[in-house]
Amino acid sequence: MIIAVDGPAASGKGTLARKLSKHFDLAYLDTGSLYRAVALSVLSAGADPADNDAALQAAQALDLSTIDETAIRTAEVSDAASIVAAMEPVRAAIRDLQREFARSPPDHKKGAVLDGRDIGTVICPDADVKLFVEASLEERARRRFLELTGRQGDRASALTQTDVLADLRARDARDRNRTASPLKPAPDAHLLDTTKLSIEAAFEAARDIIDLAAP
Ligand code: CDP
């Protein structure tokens, strides 16, 4: 069973996808972490994320086992990730890796949950269930602000919720308006608006959709 979970930044898709993978005993891949890792690698090399060659080189050298889960979550890396993710050669370089994960999930799991922007449209167009998770921009900024301040403590003290909202807005525009695999719901995706839902309520709504769609 393959479950595709797409949606804009901080919509709750990662938390939801992780919970679904546990509940249905499936493998989980956060595809955003791949673009984040490419971006971090470019930034760490002192290159510009808008440099096509540097980004492609980083994508081709991507090694899943060395992704630094803390370092890829900064606001700077988020922004750079959406820049490298708009480059078709970068996307192509890490496409097979994602499809292979879905086709042969690790740990002998019987399927996988993948979350990202183009899972239902490009990576796994034949997924058994597709969810498109949304939430208002204000609610997403509130969630991401809490996440960033909680994670980075003092380093984030200069950060305001207004900055986070502006970052999300810019990243949304970049993700939605790019020509390479833009963020959009697949025609057969189930829309799930989590603006007013708790984590548990969003999980229950998604679980019900999956139980009905893929019994
Ligand atoms: O966690 P958050 O929702 O903020 O972002 P993410 O899922 O970690 O993705 C970071 C960036 O990677 C996004 O802004 C997209 O530009 C890009 N991305 C993408 O283009 N395609 C994917 N399948 C996943 C992420």
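As the structure lists them, so they are numbered: ligands from 1, and atoms in each ligand from 1. For reference, positions follow the sequence shown, starting with 1.
- Between Arg95 and Glu88 there is a salt bridge, with a side-chain nitrogen of the basic residue lying less than 4.0 Å from a carboxylate oxygen of the acidic one.
- Annotation: Gln98 places no N or O atom under 3.5 Å from an N or O atom of ligand 1; distance criterion only.
- The N/O atoms of Asp30, backbone and side chain alike, include none that comes under 3.5 Å of an N/O atom in ligand 1.
- Considering backbone and side-chain atoms alike, Ser78 places every N or O at 3.5 Å or more from each N or O of ligand 1.
- The existence of a salt bridge linking Arg171 and Asp79 is excluded, since no basic side-chain nitrogen approaches an acidic carboxylate oxygen closer than 4.0 Å.
- For the pair Arg36 and ligand 1, the shortest N or O to N or O distance falls below 3.5 Å.
- Distances between N or O atoms of Asp115 and those of ligand 1 include no value under 3.5 Å.
- Summary of contacts: the protein heavy atom closest to atom 20 (O) of ligand 1 is Arg91 NH1, 2.7 Å.
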TODO: Check the pair Glu200 / Lys19 against salt bridge (charged side-chain N to carboxylate O under 4.0 Å, His left out), numbers first and verdict last.
DONE: CA-CA 9 Å; Glu200 197 53 33; Lys19 277 177 88 71; 3.3 Å; yes

Determine, step by step, whether Arg117 and Ser181 satisfy the side-chain contact (heavy atoms from CB on, under 4.5 Å) criterion, reporting the C-alpha distance in whole Å, the side-chain angles of both residues, the deciding distance to 0.1 Å, and the verdict.
-> CA-CA 8 Å; Arg117 302 291 185 290; Ser181 306; over 6 Å; no

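- Proximity of Ala10 to ligand 1, defined as any heavy-atom pair under 4.0 Å, is confined to the backbone N, CA, C and O atoms.
- A salt bridge links Arg140 with Asp172; the closest basic N to acidic carboxylate O contact falls under 4.0 Å.
- The closest side-chain heavy-atom distance from Cys124 to Arg99 is not below 4.5 Å.
- Listed by atom number, the atoms of ligand 1 under 4.0 Å from Arg171 heavy atoms are 4 (O), 5 (O), 10 (C), 11 (C), 13 (C), 14 (O).
- Of all the atoms in ligand 1, the ones that sit under 4.0 Å from a non-hydrogen atom of Thr31 are 22 (C), 23 (N), 24 (C).
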